[in-house]
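Worksheet: one structure, shown below.
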Amino acid sequence: MNVAILGCGGMGRLHAQMATNCGLRISYCADAVRKAAKGLADDFGAKAVVDPMKAIEAKDTDIVVITTPTPSHETFVSAAAAAGKHIFCEKPFGRSSEECKRAIRAAEKAGVTLFVGHVVRYFQEFELMRERIQKGSIGKTGWVKLFRGGIFPGAPGSWFRDYKQSGGVTFDCMIHDLDWVRYVFGEPERIFCQTIMRTEPTQLDYSQVTMRMKSGVIATIINTWAAPSGFKVKAEICGSKGMIQFDSTETPLGAEPRQTGSGPTMFVPMSPVAVSPYQLEWQDFIATIGSGHTPRVTPLDALRAVEMAEAALKSNSSKEPVKF
Amino acid sequence: MVKIGIMSFAHLHANSYAACLKALPGVSLSAIWDDNASRGKKMAKEFKTNFVKDMNEFLASDIEGVIITSENSKHRAMVEAAARAKKWILCEKPLAPTMKDAQSIVTTCRKAGVGLGTAFPCRFSTPLIEAKSMLNSGKFGAVYAITCTNHGQYPGGWFSDPALSGGGATMDHTVHVVDLLRWMLGKEFKSVYCELGNQLHNKSFPTDDLGSLHLEMEGGIQVSHLASWSRPKSFPTWGDVTLEFVCEGGLITVDAFNQKVTVFDDGNQQVRYDAWGDNPDMALVKNFVDAVQSRCDCASTGMDGFAATAVTEAAYRSAKTGRTIKI
């Protein structure tokens, strides 16, 4: 099968590599910035195009990967579905739940496979925590605390820095945690959110959310795009018979080049695994195409995650909890 | 020699304060009174001091100051009795479970002309003092958001009896952090939203064992605080006090008790953190003794205790109503 990549930034490159690892061929790389399209296309032996419709409608495109800014997802999902192509869409599924619903209808109508990349469901550490929780290793879970984030992403002028497009850390980043909490602990009942969403003098976002699930589990999630450097993830799950902790800064591998006079060096923590979580989600996606297989994350799950992030931002505005 | 007495050993912090009084020069732990006589006698023996069975007799003695470490809901009656006897007072936190009681405590002491302190030892923690001076130096600029935790193990006993404690983990483990932030930033709390849970101990007691609080301080600073009795029995230490300040100029993170060595103890089948940092209780008790001698208030006053109780009371009201509560 042939894959067209729409949006040739960091995630476009990552998914091109994953698709290639799965034995697929990259046929087109599309980006409004020709240089970006060409850079990726050259590396993967694909054709570079500026017009995404050209890549979508090409005969030698079977799968469309959407790694463009969030507000454009629905348009591309609908176009790819209309062209009869299967779709891998990066999270967040859309900038609003209405967009997501329309995208789901378009894919259903066309009978194509639509997959949304909520990759945290495939992370080995999160899977191990889920498995231990469901096995009852810590009794009945009562409290979930998650932390994720680092430096504000994107260069100045990048769409990440336009809150209207990205939705800030709550919508773009915490959507991972909101989805995982719902995946493991079921439907939410209400959500409360405070997020700073600053633009001046330094652009910073820092979001604090508490969700009560219908099961009674309480989840507090902190996400940052306000750290001076790095990226980290922490989790703490408290139950009636114990507790599980995870800290991404504790890694099996790290490297720090010796300082040479050209300035300070930085310690780089690494946690390599033979099969990356991104590879696992691609395997799941491919297994879903043209089969009765239900992937670990469905478009409906991705829609619910967008609804939760929308509710969080609504709560931030009203300063009151939002009920589901 | 400054003579200090202790009223009640219901709160486990009494043992630490007693040890500090014994260790400080120029101070004596002159007497212990406890409404639980057998406990009082045992503690008097342990700390080699006198047990006085009758409270009036205890308060009529020549002690100059008292440390009150009873159950939360008994603070008011004991503070008021001590104030009538013109004793200087250091009261365990929370000052009282309700604003009404806290207000009465403050007013009574003011009218009696006695000094009153609320026991907030974190103000004397060296890492926290350093963090305050970093914040106040202006090098980090404006503070936008703060995430805090005060976790602990379930203390058992009266702590989870609402009639004696007034509330659970959120009552027990919110006031330290509230006082710290007021002290460090010089700003007051404006509102609170709170989710309470009673789900980490199979509902074996009626109070909450966890609280997720979202607060706003003056200037729009958003604060998330996690208060709990969530540390398992197998956890290597009692709990923590942590703060993360998100500032214009960077991050300041505090893990106030993270000065420890890890002990792998086969004899007790236990992995344990043993602390080596400064003991904030010692400086707290010293500050109280100084206040007694100089006839002034402690570093953290009754009004500081009242302000912290106001936040806790609002948090419980928020959990009850499901709404954000103005403080």
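In what follows, every chain begins at residue 1, and chains take the letters A, B, ... in the order their sequences are listed.
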Pick one of side chain, backbone, both or neither for [X], based on which atoms fall under 4.5 Å of a heavy atom in chain A.
X      : value
B:S224 : both
B:L213 : neither
B:I221 : neither

Greatest number of non-hydrogen atom pairs under 4.5 angstrom with chain A, of B:L196, B:L226, B:D209, falls to B:L226
Counting heavy-atom pairs under 4.5 angstrom with chain A, the leader among B:N198, B:N202, B:L210 is B:L210
Inter-residue atom distance [X].[atom1] - [Y].[atom2], 0.5 Å rounding:
X      : Y      : atom1 : atom2 : answer
A:I237 : B:S230 : CD1   : OG    : 12.0 Å
B:L251 : A:T224 : CG    : OG1   : 6.5 Å
B:H201 : A:K140 : NE2   : NZ    : 14.0 Å
A:T202 : B:Y144 : OG1   : OH    : 6.5 Å
B:Y193 : A:S315 : OH    : OG    : 8.0 Å

- Worked check of side chain to side chain contact (heavy atoms under 4.5 Å, CB included) between A:Y206 and B:Q222: CA-CA 9 Å; A:Y206 189 87; B:Q222 64 178 56; 4.2 Å; yes
Taking side chain as everything from C-beta outward and backbone as N, CA, C, O, which of these in [X] sits under 4.5 Å from a heavy atom of chain B? Side chain, backbone, both or neither.
X      : result
A:L204 : side chain
A:Q203 : neither
A:I222 : side chain
A:K319 : both
A:K145 : side chain

Does [X] have more than 12 heavy atoms from other residues, nucleotides or ligands lying within 6.0 Å of its [atom1]?
X      : atom1 : value
A:M266 : CE    : no
B:K320 : NZ    : no
B:Q269 : CD    : no
B:K190 : NZ    : no
B:R272 : CZ    : yes

Report the C-alpha separation of A:F192 and B:E195 in whole Å, then their side-chain angles, then the decisive distance to 0.1 Å, and conclude whether the side chain to side chain contact (heavy atoms under 4.5 Å, CB included) test is met. CA-CA 9 Å; A:F192 187 89; B:E195 289 282 359; over 6 Å; no
Apply side chain to side chain contact (heavy atoms under 4.5 Å, CB included) to B:L200 and A:S240, showing your working.
CA-CA 4 Å; B:L200 302 179; A:S240 58; 5.9 Å; no
Could you tell me whether a side-chain N or O of [X] sits under 3.5 Å from a main-chain N or O of [Y], the two making a donor and an acceptor?
X      : Y      : value
A:Q194 : B:L215 : yes
B:Q199 : A:T141 : no
A:Q208 : B:H214 : no
A:R190 : B:G322 : no

Per-residue tally against chain B (heavy atom, under 4.5 Å) across A:E236, A:M211, A:K241 peaks at A:E236
Assert top hit (heavy-atom pairs under 4.5 Å, partner chain B, pool A:G216, A:S229, A:G139) equals A:G216
Salt bridge or not between B:E244 and A:K232? Use side-chain N to carboxylate O under 4.0 Å.
no
Query raised in the report: Do the ring planes of A:W143 and B:H151 sit parallel (below 30°), tilted (30 to 60°) or perpendicular (above 60°)?
Result: perpendicular
